[in-house]
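For reference, the structure discussed in these notes is given below.
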Amino acid sequence: MSAETPDYKDTLNLPKTDFPMRAGLPKREPDWLKRWEEIGVYDRLRAKAEGREPFTLHDGPPYANGHLHIGHALNKILKDMVVRSQQMMGKDARYVPGWDCHGLPIEWKIEEKYRAKGKDKDAVPVNEFRKECREFAEGWIDIQREEFKRLGVTGNWDDPYLTMDFHAERVIAEEFMKFLMTGVLYQGSKPVMWSPVEKTALAEAEIEYHDHKSHTIWVKFPVVRALEPTGARSELLGTQVIIWTTTPWTIPSNKAVAFNPEISYGLYEVISTPDECWAMVGDKYLIADALAESVFTQARLEEGQWSRLRDVTSEQLDLLVMAHPLRGAEGADGEWDYDVPMLPGDHVTDEAGTGFVHTAPSHGADDYILGVKHGLQMTYNVLEDGSFRDSLPFFGGEVIITPKGKEGKANTAVIDKLVEAGAMLARGRITHSYPHSWRSKAPVIFRNTPQWFAAIDRTVGDGQDSYGTTIRERALRSIDELVTWTPQTGRNRLYSMIEARPDWVLSRQRAWGVPLTCFVKKDAQPSDPDFLLRDEVVNARIAEAFEAEGADAWYAEGAKERFLGNDHNPNDYEQVFDILDVWFDSGSTHAFVLRDRPDGSEDGTADLYLEGTDQHRGWFHSSMLQACGTRGQAPYRGVLTHGFTLDEKGMKMSKSLGNTVAPEQVTKQYGADILRLWVAQSDYTVDLRIGPEILKNTADSYRRLRNTMRFMLGALDGFSEDERVAPEDMPELERVYLHQLAELDEQVRAGYAKYDFQGVFQALFHFATVSLSAVYFDIRKDALYCDPVDSLTRRSARTVIDETFHRLVTWLSPILVFTMEEVWLERFPGEESSVHLQDFPEPRPDWRHPEAQGRWNMARDVRRVVTGGLELQRQNKVIGSSLEAAPKVFVSPEMATLLDPEHFADVCIVSQIEITSEPVPDGAFTLPDIPGVGMVFAKAEGAKCQRCWKILPDVGQHANPGVCSRCNAAIEAAKG
RNA sequence: GGGCCGGUAGCUCAGUUGGUUAGAGCGCACGACUGAUAAUCGUGAGGUCGGAGGUUCAAAUCCUCCUCGGCCCA
């Protein structure tokens with residue numbers, strides 16, 4: 001700069017904004033949260049949206065214990081992006097968050113507390129215990145609510161739904177009583193982990209595994225019927241199937257033997273025996289080949305004393321029928337004179353035992369499933385205290401586990417009887433890991449207990465049959481005809497589960513939940529028609545009481561008399577004290593939220609349920625079954641499932657691996673917007689990875705986007721409606737960008753409509769950082785900074801930036817809730833101003849201008865050749881800034897007519913440009929993928945304008961020294 | 001062990017009905033600018049598309065097996 005040329009910087013219109021480059025989100029986000037609460041954004045939106053088409057996202061309730069983990073954050077952020085985007089697209093998008101409050105984990109916490117104080121749970125009145133559970137849940141709800149809010153999740157936080165609300169408990173009971181009245185409900189039995197010491201059922205998590213010394217026995221089951229697959233009589237008749245078990249006491253309850261068709265089996269013959277041996281010469285045994293040797297060893301036979309006769313195929317095994325080893329025993333009174341079928345089962349292995357599994361459906365999980373599948377009879381041989389029922393021949397009254405947790409005589413009694421019957425082949429002892437009660441530390445047993453079931457394949461009989469007559473039919477047809485699945489794969493997963501699932505076990509022997517509000521007739525059998533009391537008047541009394549007092553009413557003194565009233569004699573009925581599976585609670589939310597709340601859904605059906613893939617087995621599933629039983633169809637029209645959060649390497653997060661990422665940690669280090677951006681950048685249809693590197697990357701992307709927004713704010717400084725230019729008056733470049741906005745509008749709406757946040761964000765991010773920042777802004781900086789304030793180009797550019805601003809900020813606001821609010825307020829400050837009260841700007845199809853876009857595509861290709869050639873000169877140190885260049889561009893005659901040199905110089909950010917349709921000369925710079933276009937470099941002629949830095953021939957010939965004519969005019973105009 | 005899902009550059013993702021040298025952004029390296037400046041602009045280097053077979057003129061894409069990982073069951 002020479003001494004006589006003034007500093008022109010002040011005469012430029014440089015971008016001006018107070019918007020900080022660095023966000024400081026962790027510190028500032030809480031302020032915006034506070035502000036939203038103060039102006040009541042959620043309520044205002046409800047008021048504003050009145051009369052709009054509703055969109056109901058129904059919240060799957062998290063369990064009210066413990067702090068949030070990253071999976072919760074992912075889930076709620078996705079929900080929030082759905083709700084916000086639907087609202088801004090013109091819907092009335094309500095969101096009522098909920099909590100799941102009943103259930104075992106909370107009971108444990110209270111029990112733990114009792115134990116620490118040396119208090120006995122069983123000595124505490126039920127309602128006192130329930131009260132403590134309720135208070136515990138309330139405490140965590142308050143904590144989790146704050147943690148969710150901190151993530152920027154909007155919704156009706158002041159009035160969420162809780163499964164333990166009195167009204168909810170009333171509705172859950174009512175929904176259950178619908179099952180009672182329609183006949184879907186029945187009493188059956190199922191083996192559960194049972195502690196004879198405490199006389200109670202235990203959940204899996206209440207079990208500890210310790211070493212335990214058990215009996216182990218090998219028992220012969222005589223084959224009494226055998227056919228070849230051809231129908232001919234089989235030689236296997238009269239042979240014996242060998243089973244192995246560590247629970248001899250279950251033999252009296254045997255109903256089948258299981259084999260695995262994948263295992264190879266053989267027929268073995270005993271050739272000779274040592275003394276003192278239960279095997280008999282000539283005996284023929286069926287054993288898995290892999291285990292035969294070990295079995296004979298246990299039976300004290302040495303090599304050579306037995307031989308393998310032949311293969312036995314699974315087809316042959318399938319047709320065998322055995323007798324119970326105690327069949328015909330004297331004094332058994334025919335107790336065991338039934339047939340024992342041979343059944344195929346995948347759970348059978350040839351790693352231990354004999355390859356045949358003794359099956360007692362009342363005393364094992366696999367056994368039970370096999371029993372249900374093949375219609376085996378349940379037995380009721382074992383009582384609450386772990387003793388055999390008195391009427392059981394030989395063993396009545398014998399105890400399996402004594403009240404002190406020691407072994408009773410049941411096992412040896414059974415063994416002795418088997419020896420007597422000649423059914424034993426071998427016996428021994430084994431030390432193995434065995435389940436024990438976490439409370440008494442005593443061994444537990446599998447024992448079938450009465451449980452309440454919902455029949456899945458029974459005709460419901462409530463007349464709501466448009467999707468089928470049974471729960472299963474209704475569910476399967478809903479899946480295909482009513483529900484839209486995102487992603488599609490969710491459909492198959494739920495379908496195959498519901499297709500294959502057994503009846504729903506509704507009852508739990510627990511205290512913290514909604515009771516199965518029903519009465520059974522004393523001394524009646526479950527099969528009797530009057531076994532269950534079905535009385536609408538009684539039901540209504542229960543509902544009324546629960547509404548007022550909650551489900552505690554069921555446990556209050558005199559409840560039975562109160563509910564039965566004068567219509568039934570309390571002495572004739574037993575009150576059921578089991579509680580409902582908590583999945584029935586959450587499966588009923590559609591009734592007490594969607595149906596009963598004014599901010600529920602018009603038709604009681606949600607537009608969307610959105611949860612992790614584990615909820616195919618959980619909430620999607622239970623809600624489906626529950627609703628199909630009570631209202632004949634799915635409670636949702638849409639289901640979105642997301643994957644699980646894994647660490648950076650794709651491994652499961654665990655405290656022991658030290659690879660966990662807590663939401664709180666992220667909000668503290670980066671801010672909730674970064675976490676939300678991480679969600680938007682990820683593909684939620686599969687598992688998502690998160691870790692330090694990924695978060696750093698996300699923060700980098702954020703910074704880049706933030707700077708682009710900052711530039712727009714600066715460029716729009718002082719923008720007023722007077723300078724707005726109509727599209728038809730704009731330069732072509734501006735029309736191209738309006739066209740792109742119109743296209744983006746369509747893309748963004750379509751993306752949000754199908755919950756494709758990743759697609760939306762990538763399109764917007766790419767547009768902002770590439771189309772705008774690297775191209776459009778770079779080109780228009782000259783006009784924005786240097787043109788006279790009223791120049792058409794400058795005003796057009798500001799108009800386009802304004803339109804872009806409104807769209808980008810609103811489109812991104814469902815994702816970056818804090819930052820977009822910050823950006824919005826920078827331009828539109830005001831006590832009640834908020835981007836979250838805006839809708840997306842109306843689509844502008846009239847902005848479409850495909851011809852301009854087509855010409856721009858061509859111009860951009862030519863530009864690439866120019867900038868490519870310039871880069872070469874820059875590398876050769878011929879130029880630094882592109883404004884030092886005045887290239888000559890060789891294009892086709894058609895192109896030449898479309899390129900205006902003055903504008904195209906701006907587009908290429910050079911001082912001068914020459915466009916010619918002469919053929920491309922040798923030595924010109926070209927790009928292989930842009931044929932017919934060449935560039936020959938030349939330095940710009942003239943002097944550098946001290947104001948706009950272009951090198952032009954006329955610089956220095958104007959009133960103001962050292963500037964070009966445009967800048968001279970601009971300075972004069974500014975002087976007014 | 002079973003059902004379902006996934007493995008494309010350091011990271012996040014594209015890749016249409018199998019069809020030219022597998023794309024983008026971020027990050028990285030180098031350069032330019034110093035009027036978006038703890039910014040901005042440009043150029044470049046990164047991939048045996050988890051592995052092995054097979055079908056085909058042609059496979060990231062279709063088939064089989066294996067492997068690693070995830071959810072849910074057993």
Side-chain angles (χ1 to χ4, degrees), chain A residues 7-17 19 21-22 260 262 345-349 365-366 369 487 489-497 499-501 612-618 621 641-653 677-678 680-683 685-715 758-759 761-763 765-770 773-775 777-779 781-782 784-786 864 867-868 870-877 879-884 909 928-929 947-949:
Chain A
D7 182 356
Y8 289 111
K9 191 166 173 177
D10 294 342
T11 71
L12 293 170
N13 299 298
L14 294 178
K16 199 175 141 216
T17 178
F19 187 81
M21 200 179 303
R22 293 171 65 97
N260 189 333
E262 304 297 315
D346 295 338
H347 62 287
V348 180
T349 71
D366 288 330
I369 291 166
T489 48
R491 178 258 166 212
N492 298 340
R493 195 156 174 193
L494 189 62
Y495 194 97
S496 56
M497 276 182 194
E499 201 176 23
R501 68 153 296 140
T613 52
D614 57 332
Q615 299 303 326
H616 286 106
R617 174 58 68 185
H621 193 118
T641 45
H642 57 79
F644 269 62
T645 46
L646 308 173
D647 80 357
E648 237 149 25
K649 292 179 188 127
M651 306 295 269
K652 191 187 173 101
M653 287 188 191
L677 192 55
W678 165 74
Q681 276 188 337
S682 305
D683 177 3
T685 65
V686 295
D687 291 336
L688 295 80
R689 298 173 184 217
I690 191 167
E693 189 186 351
I694 291 170
L695 281 167
K696 191 185 160 293
N697 250 296
T698 311
D700 284 338
S701 299
Y702 170 87
R703 228 166 289 150
R704 185 136 166 72
L705 185 63
R706 183 178 175 89
N707 269 313
T708 302
M709 304 307 295
R710 181 170 179 271
F711 180 81
M712 278 198 274
L713 283 169
Q758 189 188 52
F761 181 74
Q762 290 217 331
F765 187 74
H766 196 268
F767 179 71
T769 56
V770 179
S773 184
V775 181
F777 295 162
D778 210 30
I779 292 168
K781 271 187 224 174
D782 174 72
L784 287 168
Y785 297 176
C786 308
R864 278 186 53 212
T867 50
L870 292 180
E871 180 59 24
L872 209 60
Q873 301 304 321
R874 191 175 285 129
Q875 278 166 19
N876 295 337
K877 304 292 176 193
I879 58 166
S881 160
S882 61
L883 285 175
E884 293 168 43
I909 319 182
D929 55 328
R947 186 166 173 275
C948 72
W949 297 344

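Quick note on labels: first sequence line is chain A, next is B, and so on, each numbered from 1.
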Q. If you look at every strand shown and take non-hydrogen atoms under 4.0 Å, does A:Gln758 touch a base, only sugar-phosphate, or nothing?
A. sugar-phosphate

Q: Send over the distance from A:Glu871 CD to B:rA32 P, rounded to a whole Å.
A: 10 Å

(Q) Check A:Asp700 with A:Lys696, please: is the shortest side-chain N to carboxylate O separation under 4.0 Å? (A) yes

Q.
Under 4.0 Å, heavy atoms only, any strand: does A:Leu12 hit a base, just the sugar-phosphate, or nothing?
A. base

**Q.** Nucleotide paired to B:rU56 in any strand shown, Watson-Crick or G-U, under 3.5 Å
**A.** none

Q. In whole angstroms, how far is the P atom of B:rG31 from the CD atom of A:Gln873?
A. 18 Å

Q | Check against side chain to side chain contact (heavy atoms under 4.5 Å, CB included), A:Asn697 and A:Gln681 | A | CA-CA 11 Å; A:Asn697 250 296; A:Gln681 276 188 337; 6.0 Å; no

Q: Could you check which of B:rA14, B:rU12, B:rC41 has an atom nearest any side-chain atom of A:Ala774?
A: B:rC41

Q: Under a 3.5 Å limit for both distances, which nucleotide forms a Watson-Crick or G-U wobble pair with B:rU16, could you say?
A: none

Q.
So if I take every side-chain heavy atom of A:Ile694 and compare against B:rG31, B:rA36, B:rC11, which nucleotide ends up nearest?
A. B:rC11

Q) When you compare B:rG46 with B:rG2, how far apart are their C1' atoms, in angstrom units rounded to a whole number? A) 41 Å

(Q) Measuring only the P atom in each nucleotide, how far is B:rG19 from B:rU61? A whole number of Å is fine. (A) 11 Å

Q | Euclidean distance, A:Ile779 CD1 relative to A:Phe777 CZ, rounded to 0.5 Å | A | 11.5 Å

Q: Using whole Å, report how far NE2 of A:His642 lies from P of B:rC5.
A: 19 Å

**Q.** Nearest-nucleotide comparison on RNA chain B, the residue closer to the 5′ end among A:Leu688 and A:Thr613
**A.** A:Leu688

Q) Choosing from B:rC5, B:rU34, B:rC26, which nucleotide comes nearest the side chain of A:Trp949? A) B:rU34

(Q) Please give the distance between the P atoms of B:rC65 and B:rG23 as a whole number of Å. (A) 32 Å

Q. Can you tell me how far C1' in B:rA39 sits from the matching atom in B:rA60, rounded to whole Å?
A. 38 Å

Q.
As a quick check of understanding, evaluate side chain to side chain contact (heavy atoms under 4.5 Å, CB included) for A:His621 and A:Arg501, giving each step before the final call.
A. CA-CA 10 Å; A:His621 193 118; A:Arg501 68 153 296 140; 3.0 Å; yes

Q. In whole Å, what is the span from the CZ atom of A:Phe761 to the P atom of B:rC26?
A. 11 Å

Q: Quick one: label A:Arg501 by what it contacts on the DNA or RNA (base, sugar-phosphate, nothing), any heavy atom closer than 4.0 Å.
A: nothing

Q) Taking it one step at a time, do A:Thr645 and A:Trp678 satisfy side chain to side chain contact (heavy atoms under 4.5 Å, CB included)? A) CA-CA 11 Å; A:Thr645 46; A:Trp678 165 74; 3.6 Å; yes

Q. Does A:Lys652 put a side-chain nitrogen or oxygen below 4.0 Å from OP1 or OP2 of B:rC71?
A. yes

**Q.** Rounded C1' spacing from B:rG51 to B:rG25 in Å
**A.** 29 Å

Q.
Counting only side-chain heavy atoms from C-beta out, which of B:rG25, B:rA32, B:rG3 sits nearest to A:Lys877?
A. B:rA32

(Q) Check the phosphate of B:rU37 against A:Arg710, side-chain N and O only, distance under 4.0 Å to OP1 or OP2. Yes or no? (A) yes

Q. What form does the base of B:rG46 take, syn (within 90° of 0) or anti?
A. syn

Q: Could you work out the separation of B:rU43 and B:rC4 based on their P atoms and round it to a whole Å?
A: 47 Å

Q: Just compare B:rA38, B:rU40, B:rG70 and give me whichever is closest to any side-chain atom of A:Arg22.
A: B:rA38

Q) With rounding to whole Å, what would you report as the distance between B:rC28 and B:rU21 at their P atoms? A) 32 Å

Q) So how far is it from A:Lys781 NZ to A:Leu12 CG, rounded to the nearest 0.5 Å? A) 13.0 Å

Q. Should A:Lys781 be listed as having a side-chain N or O under 4.0 Å from OP1 or OP2 of B:rA36?
A. yes

Q: Report the base-pairing partner of B:rU61 (Watson-Crick or G-U wobble, both distances below 3.5 angstrom), or none.
A: none

**Q.** Minimum heavy-atom distance A:Leu705-A:Phe765, with the two atoms named
**A.** CB-CE1, 4.0 Å

Q) Looking at B:rA14, B:rU12, B:rG27, which one has an atom nearest to any side-chain atom of A:Gln681? A) B:rU12

**Q.** Length of the line joining A:Leu14:CG and B:rU34:P, which is rounded to integer Å
**A.** 14 Å

**Q.** Complement of B:rC71, any strand, by Watson-Crick or G-U distances under 3.5 angstrom
**A.** B:rG3

**Q.** Closest to side chain of A:Arg704, choosing from B:rC41, B:rA38, B:rC13
**A.** B:rC41

Q. A:Gln875 CD to B:rG42 P: how many Å, rounded?
A. 14 Å

(Q) Please pick, from B:rU40, B:rG70, B:rG69, the nucleotide with the shortest atom-to-atom distance to any side-chain atom of A:Asp778. (A) B:rU40

Q) How long is the line joining CG of A:Asp683 and P of B:rG25, in whole Å? A) 20 Å

**Q.** Closest non-hydrogen atom pair, A:Leu14 against A:Lys9
**A.** CD1-CE, 3.8 Å

Q.
Using a heavy-atom cut-off of 4.0 Å across all strands, would you classify A:Gly880 as base, sugar-phosphate, or nothing?
A. sugar-phosphate

Q. Considering only B:rG70, B:rG25, B:rU34, which nucleotide approaches the side chain of A:Phe765 most closely?
A. B:rG25

Q.
As a test of understanding, state which of A:Asn707, A:Thr708, A:Asp778 forms a side-chain contact (heavy atoms from CB on, under 4.5 Å) with A:Ser773.
A. A:Thr708

Q. Of all the nucleotides listed (B:rG70, B:rC41, B:rC71), which has the minimum atom distance to the side chain of A:Asp614?
A. B:rC71

Q. Does NZ or CZ of A:Arg706 lie under 6.0 Å from the centre of the six-membered ring of A:Tyr702, at an angle within 45° of the ring axis?
A. no

Q) Could you state the CG-C1' distance from A:Asn707 to B:rC41, rounded to the nearest angstrom? A) 13 Å

Q) Paired with B:rG44 by Watson-Crick or G-U wobble geometry, both distances under 3.5 Å: which nucleotide is it? A) B:rC28

Give me the distances for all protein-to-nucleotides 21-24 of chain B N/O pairs that come in under 3.5 Å?
{"residue": "B:rA24", "atom": "O2'", "partner": "A:His766", "partner atom": "NE2", "Å": "3.2"}

Q. How far apart are the closest heavy atoms of A:Gly650 and A:Leu646, and which atoms are they?
A. O-CD1, 3.4 Å

(Q) Is it the case that B:rA36 (base atoms only) and A:Ser773 (side chain only) share a donor and an acceptor within less than 3.5 Å, ignoring hydrogens and angles? (A) yes

Q. Does A:Thr708 or A:Gly868 map to a spot on RNA chain B nearer the 5' end, using the closest nucleotide for each?
A. A:Thr708

(Q) Measuring only the C1' atom in each nucleotide, how far is B:rG54 from B:rC72? A whole number of Å is fine. (A) 33 Å

(Q) Looking at B:rA36, I'd like to know if its phosphate oxygens (OP1 or OP2) sit under 4.0 Å from a side-chain N or O belonging to A:Tyr785. (A) yes

**Q.** Base of B:rC71 paired with side chain of A:Arg493 (donor-acceptor, under 3.5 Å)
**A.** yes

